Amino acid sequence: MQLLKERIRRDGIVREGGVLKVDSFLNHQMDIDLFEEIGKEFHRRFEGEEVTKILTIEASGIGIACITARYFQVPVVFAKKNKTKNIAGDVYTSRVESFTHGRVYDIMVSKDFLGKGDKVLLIDDFLANGKALEGLAQLVEDAGAELTGAGIVIEKGFQRGGDAIRGRGIHLESLAIIDSMDAASGTITFRER
Ligand code: G4P
């Protein structure tokens, strides 16, 4: 997605350790005009596939998922990062070991909002090692729902997540895939599709 790549080049800041800061337009301040284009593009890329629900993870995925959902005309469910394990009601839970954040956490979704018959599109802002996406896919499986695919705004192609997800046969669409980044020069190289 050309518009997105241009925006990353213009406003993205490359940090040491392979971290890209995009918080001026994607995951802190949010450019809703850009989100509209992102939502439209996800809809185009999953055209002809059945989606009854969009599933994302708090916090940064929620805004993108909501705008995308307008194009699919389906509800959004976001997995909560669990701090209160004993919440009322039945939930599906999955454990995520995030290398990026250096921590392990549980994610959960109420059984009321995900179940048999759902055809689920996963949406998130970043794909790095893929643990968040794998955790979401696990929730879908546990719920007996069907995974239609996953839409990612920025895939860090030099980390293992993309290969792992594609290797599982999941239809993965990343709008910008970064092959390399250099903190000293600020250079970002994108993969051509
Ligand atoms: P992991 O296994 O290393 O955690 O990789 P994964 O693909 O699961 O990473 C997803 C989480 O890591 C996301 O946060 C994402 O925002 C964050 N992340 C990974 N790489 C980068 C990066 O280069 N820049 C930024 N800004 N974030 C990155 P999350 O779990 O969805 O939490 P939240 O940040 O939305 O609260």
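Keep in mind that what you see is a predicted model, and the values were worked out from it rather than measured. Counting convention: from 1, in listed order, for ligands and their atoms alike. FYI, side chains are in, hydrogens and waters are out, and symmetry mates aren't considered; it's all heavy atoms of this structure.
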Closest non-hydrogen atom pair, L172 against E155:
CD2-OE1, 3.9 Å
Is there a polar contact, in the sense of an N or O pair closer than 3.5 Å, between I57 and ligand 1?
no
In the protein, which heavy atom is nearest to atom 24 (N) of ligand 1, and how far is it?
L20 O, 2.7 Å
Find all atoms of ligand 1 within a distance of less than 4.0 Å from any non-hydrogen atom belonging to N27, and give their numbers and elements.
26 (N)
Is the closest heavy atom of V22 to ligand 1 under 4.0 Å?
no
Ligand 1 contacted by F78 (non-hydrogen, < 4.0 Å):
no
Does R45 come within less than 4.0 Å of E41, counting only side-chain N to carboxylate O?
yes
Ignoring angles and geometry beyond distance, decide whether A132 reaches within less than 3.5 Å of ligand 1 through its nitrogen or oxygen atoms.
yes
Which ligand 1 atoms are under 4.0 Å away from a heavy-atom of Y105?
30 (O)
Run the contact test for G161 against ligand 1 with a 4.0 Å cut-off on heavy atoms, strictly below, and give the result.
no
Using modelled atom types and a 3.5 Å cut-off, is there a donor and acceptor pairing between side-chain atoms of E49 and backbone atoms of F46?
no
Under 4.0 Å from any heavy atom of F99, which atoms of ligand 1 are there?
1 (P), 2 (O), 3 (O), 4 (O)
Tell me the contacting part of V96 for ligand 1: side chain, backbone, both, or neither, using a 4.0 Å heavy-atom threshold, strictly below.
neither
Side-chain heavy atoms of L136 within contact of I57, under 4.5 Å
yes
Just to verify, which of K81, R95, K80 counts as forming a side-chain hydrogen bond (donor to acceptor under 3.5 Å, both in side chains) with D106?
R95
Quick test: of every protein heavy atom, which one is nearest to atom 1 (P) of ligand 1, and how far off is it to 0.1 Å?
T100 OG1, 3.4 Å
Looking only at protein heavy atoms, which one is nearest to atom 4 (O) of ligand 1, and how far off is it?
S98 OG, 2.6 Å
Atom 29 (P) of ligand 1 - nearest protein heavy atom and its distance:
K81 NZ, 3.5 Å
Atom 15 (C) of ligand 1 [closest protein heavy-atom partner, distance rounded to 0.1 Å]
F126 CB, 3.6 Å
Which pair of heavy atoms, one from E50 and one from T148, lies closest together, and at what distance?
O-OG1, 2.7 Å
Group every Ile, Leu, Val, Met, Phe, Trp and Tyr by side-chain heavy-atom contacts under 4.5 Å, then state whether I154 and M181 land in the same group.
yes
min-distance protein heavy atom vs atom 35 (O) of ligand 1 -> S60 OG, 2.7 Å
Distance under 4.0 Å to a non-hydrogen atom of D124: what atoms of ligand 1 satisfy this?
31 (O)
Number the atoms of ligand 1 from 1 as they appear, then name those within less than 4.0 Å of a heavy atom of V19, with their elements.
23 (O), 24 (N)
To which protein heavy atom is atom 7 (O) of ligand 1 closest, and what is the distance rounded to 0.1 Å?
A128 N, 2.6 Å
If two hydrophobic side chains count as joined below 4.5 Å and joins carry through other members, does V51 share a cluster with F35?
yes
Please determine, by modelled atom types, if E173 and H171 share a side-chain donor-acceptor pair under 3.5 angstrom.
yes
Below 4.0 angstrom, N of the basic side chain to O of the carboxylate: do R9 and E6 qualify?
no
Enumerated ligand 1 atoms positioned under 4.0 Å from heavy atoms of D125
16 (O)
Kindly confirm or rule out an N or O of Q159 lying under 3.5 angstrom from an N or O of ligand 1.
no
For atom 17 (C) of ligand 1, closest protein heavy-atom neighbour
H101 NE2, 3.7 Å
Check: D118/T52 side-chain N/O donor and acceptor closer than 3.5 Å
yes
Under 4.0 Å from a heavy atom of L127: give me the atoms of ligand 1 that qualify, with their elements.
7 (O)
Give the numbers and elements of all ligand 1 atoms closer than 4.0 Å to a heavy atom of G130.
2 (O), 5 (O), 6 (P), 7 (O), 8 (O)
Pairwise side-chain contact, I54 with V120, heavy-atom cut-off 4.5 Å (strictly under):
no
What part of L133, side chain, backbone, both or neither, has a heavy atom within less than 4.0 angstrom of ligand 1?
neither
Mutual orientation of the aromatic rings belonging to Y71 and H43 [parallel < 30°, tilted 30-60°, perpendicular > 60°]
tilted
Verify, without hydrogens or angle tests, whether K156 (side chain) and G18 (backbone) share a donor-acceptor contact under 3.5 angstrom.
yes
Within the side chain of S174, is there an N or O that forms a donor-acceptor pair under 3.5 Å with the backbone of A176?
no
Heavy-atom nearest neighbour of atom 22 (C) of ligand 1 within options K21, M181, K156
K156
